[in-house]
Peer 1: 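Before we start, here is the structure in question, set down as structure tokens.
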2 protein chains.
Amino acid sequence: MKMRRTEILESACELYVQDGLDGFSMRKLAKKLGVTAPALYRHFESREELIIEVLGEAYRLFAEYLYRALKGVDAAQRIQMARAEYLEFALSHPRMYEALYVSPELVGVVAECDEINQLGCAVGQFWVDRVRECIDAGILRPGDPRDIATTMWAHSHGLLSIWNRGLLGQGEAEFRRFFHQSCDRLFTGIESLDAVTAISVDWRQIVPDPVE
Amino acid sequence: MKMRRTEILESACELYVQDGLDGFSMRKLAKKLGVTAPALYRHFESREELIIEVLGEAYRLFAEYLYRALKGVDAAQRIQMARAEYLEFALSHPRMYEALYVSPELVGVVAECDEINQLGCAVGQFWVDRVRECIDAGILRPGDPRDIATTMWAHSHGLLSIWNRGLLGQGEAEFRRFFHQSCDRLFTGIESLDAVTAISVDWRQIVPDPVE
DNA sequence: GTCTATACCCCGATAGAC
DNA sequence: GTCTATCGGGGTATAGAC
């Protein structure tokens with residue numbers, strides 16, 4: 001049975017999603033494909049190379065979700081859609097989402113892998129751009145777009161990270177509501193104020209379609 | 001050489017910190033202690049039991065940091081100190097910090113381990129209590145203390161999680177400043193407003209002493 | 001309480017036949 | 001391009017001597 005790289009990679013992604021980084025072995029992957037382990041080395045130099053490719057797929061899929069937010073008609077809608085797409089990706093592909101944050105040393109020389117680094121930077125830049133256009137539109141207060149984007153990113157990632165590990169004790173539907181509620185809290189702040197203005201676009205109006 | 005449980009556990013914590021969950025093996029631990037692996041089974045039933053104990057130590061150390069924030073004179077100072085102690089623990093013991101968020105399934109039956117669950121709940125309750133007393137004091141806007149605490153927790157954890165994995169490209173000193181700046185952003189919110197009030201206690205006045 | 005020896009797993013990667 | 005066979009390493013855990 002002749003195998004192409006893409007078939008192996010596809011199966012490798014499934015294995016990674018099922019068994020995680022540690023559970024990912026060449027022998028298991030070979031069995032999944034109905035071949036023996038040495039056959040894989042005709043197509044990939046090592047386990048490490050395969051894992052790097054899997055991480056690349058994770059980034060590509062993530063970007064696929066995020067960029068759909070660009071269909072929003074204005075800055076406010078785009079940043080709200082980006083939030084919704086971020087949530088959607090993390091919930092639809094939790095292991096792939098985790099993969100985005102796997103420490104480089106664990107997979108080997110990922111730090112030296114330009115392909116992964118560039119994909120990561122592109123995602124970061126996406127958020128900075130969304131924030132900048134919201135500042136320009138007067139929706140967000142002036143400030144360094146990078147700093148503000150990082151705050152938003154941290155909040156979203158932290159929430160998903162905590163929920164994925166089962167520390168919130170909520171079902172998915174309940175968590176979805178809480179995620180948006182919590183994002184709104186970041187927008188409006190939590191300290192005592194007399195009056196608070198609300199962002200114009202309601203997240204409930206934005207329901208992302210499933211990707212793939 | 002006679003060994004007591006506590007000596008093994010102490011060494012186990014060091015090994016966990018150095019090599020992480022996957023790198024933690026009975027053989028390595030035995031070598032570290034100058035004995036052979038089977039000797040450890042006189043004191044601990046299995047690797048899993050040892051790891052659960054290590055996680056317990058992580059939670060205890062974490063609580064040690066957090067509870068120092070109770071020395072603050074009022075609700076505002078206590079929540080700001082709690083924030084500073086959270087940061088301090090995560091930066092001083094990054095592997096222990098990660099351990100708090102390790103998925104239960106990875107270490108085995110941790111989900112069934114009441115000791116760990118209770119420690120985790122106690123930490124969560126600490127945050128809820130800090131938020132509640134701030135609401136009562138009029139420092140935070142009214143709302144469900146649990147929801148608000150979760151938002152704060154998520155933001156802090158997300159930031160630390162992202163920085164620990166080297167995604168922010170900042171040195172520690174720079175990150176410390178950013179952490180507090182970002183927490184302030186959560187307090188005040190980010191959306192456009194005409195006037196913003198600032199929280200009364202400045203985090204720079206609160207520098208936690210190192211624990212142990 | 002610790003040792004040696006061992007049973008029995010899984011793993012990455014290679015050599016050489018087909 | 002895939003196979004079998006194998007090298008050399010890691011691991012948990014137990015049996016039985018001392």
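Because the structure is a prediction, the values reported are computed rather than measured. The chains referred to below are lettered A, B, ... by the order of the sequence lines, with proteins before strands, and numbering in each begins at 1.
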Peer 1: Among dC11(C), dA13(C), dC3(C), find the nucleotide with the atom closest to the side chain of V35(B).
Peer 2: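 The listed nucleotide nearest to V35(B)'s side chain is dC3(C).
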Peer 1: I want to verify a distance call: between dA13(D), dT2(D), dG12(C), whose nearest atom is closest to the S46(B) side chain?
Peer 2: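 Minimum distance to the S46(B) side chain belongs to dA13(D).
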Peer 1: Could you tell me how far apart L33(B) (CG) and dG1(C) (P) are, to the nearest whole angstrom?
Peer 2: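 That distance rounds to 15 Å.
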Peer 1: Separation of E48(A) atom CD from dC11(C) atom C1', in whole Å?
Peer 2: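 Those two atoms, CD and C1', are 15 Å apart.
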Peer 1: With a cut-off of less than 4.0 Å, is there a side-chain N or O of R27(B) near OP1 or OP2 of dG11(D)?
Peer 2: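 Affirmative; the distance criterion is met.
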Peer 1: Counting side-chain heavy atoms from C-beta on, which of dG12(C), dC3(D), dT12(D) comes nearest to M26(B)?
Peer 2: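 From the listed options, dT12(D) comes nearest.
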Peer 1: Starting at CG of L66(B), measure out to CZ of R130(B) and round the result to the nearest 0.5 Å.
Peer 2: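 Interatomic distance, L66(B) CG to R130(B) CZ, rounded to 0.5 Å: 9.5 Å.
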Peer 1: Do the ring centers of Y97(B) and Y86(B) come within less than 6.0 Å of each other?
Peer 2: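 Yes, the ring centres sit under 6.0 Å apart.
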Peer 1: To the nearest 0.5 angstrom, please state how far the CE atom of M96(A) sits from the OH atom of Y65(A).
Peer 2: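 Rounded to the nearest 0.5 Å, the CE-OH separation comes out at 11.0 Å.
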Peer 1: Pick base, sugar-phosphate or nothing for F44(B), based on heavy-atom distances below 4.0 Å to the nucleic acid.
Peer 2: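 Since no nucleic acid heavy atom lies under 4.0 Å of F44(B), the category is nothing.
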Peer 1: Which word best sums up how the rings of H157(A) and Y101(A) line up, parallel for under 30°, tilted for 30 to 60°, or perpendicular for over 60°?
Peer 2: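 H157(A) vs Y101(A) ring planes: parallel.
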Peer 1: Between dG12(C) atom P and L50(A) atom CG, what is the distance in whole Å?
Peer 2: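 For the pair L50(A) CG and dG12(C) P, the rounded distance is 10 Å.
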Peer 1: Output the rounded distance in Å from CG (D22(B)) to C1' (dG11(D)).
Peer 2: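 These atoms are roughly 12 Å apart.
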Peer 1: Think S25(A) has a side-chain N or O under 4.0 angstrom from the OP1 or OP2 of dC10(C)?
Peer 2: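 Checking S25(A) against dC10(C): no side-chain N or O falls below 4.0 Å of OP1 or OP2.
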Peer 1: Take the protein atom NZ of K28(B) and the nucleotide atom C1' of dA13(D), then report the distance between them rounded to whole Å.
Peer 2: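 Those two atoms, NZ and C1', are 18 Å apart.
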Peer 1: Which of the following nucleotides, dC3(D), dG11(D), dT14(D), is nearest to the side chain of P38(A)?
Peer 2: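 Of the options given, the side chain of P38(A) lies nearest dC3(D).
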Peer 1: Looking at the side chain of R42(B), which of dG1(C), dC3(C), dG11(D) is the nearest nucleotide?
Peer 2: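 Within the option list, the nearest is dG1(C).
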Peer 1: Between dG1(C) atom C1' and E7(B) atom CD, what is the distance in whole Å?
Peer 2: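 Rounding to the nearest Å, CD of E7(B) and C1' of dG1(C) are 13 Å apart.
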Peer 1: Just how far, in rounded Å, is P of dT12(D) from CG of L29(B)?
Peer 2: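 Computing the L29(B):CG to dT12(D):P distance gives 10 Å.
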Peer 1: Rounded to the Å, how far apart are I8(B) CD1 and dG1(C) P?
Peer 2: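 Whole-Å distance recorded here is 10 Å.
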Peer 1: Between T151(A) and H155(B), does any side-chain donor sit less than 3.5 Å from a side-chain acceptor?
Peer 2: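 Looking only at side-chain atoms, H155(B) and T151(A) do not form any donor-acceptor pair under 3.5 Å.
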Peer 1: Name the closest nucleotide to the Y41(B) side chain, picking from dT4(C), dT12(D), dA13(C).
Peer 2: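 That would be dT12(D).
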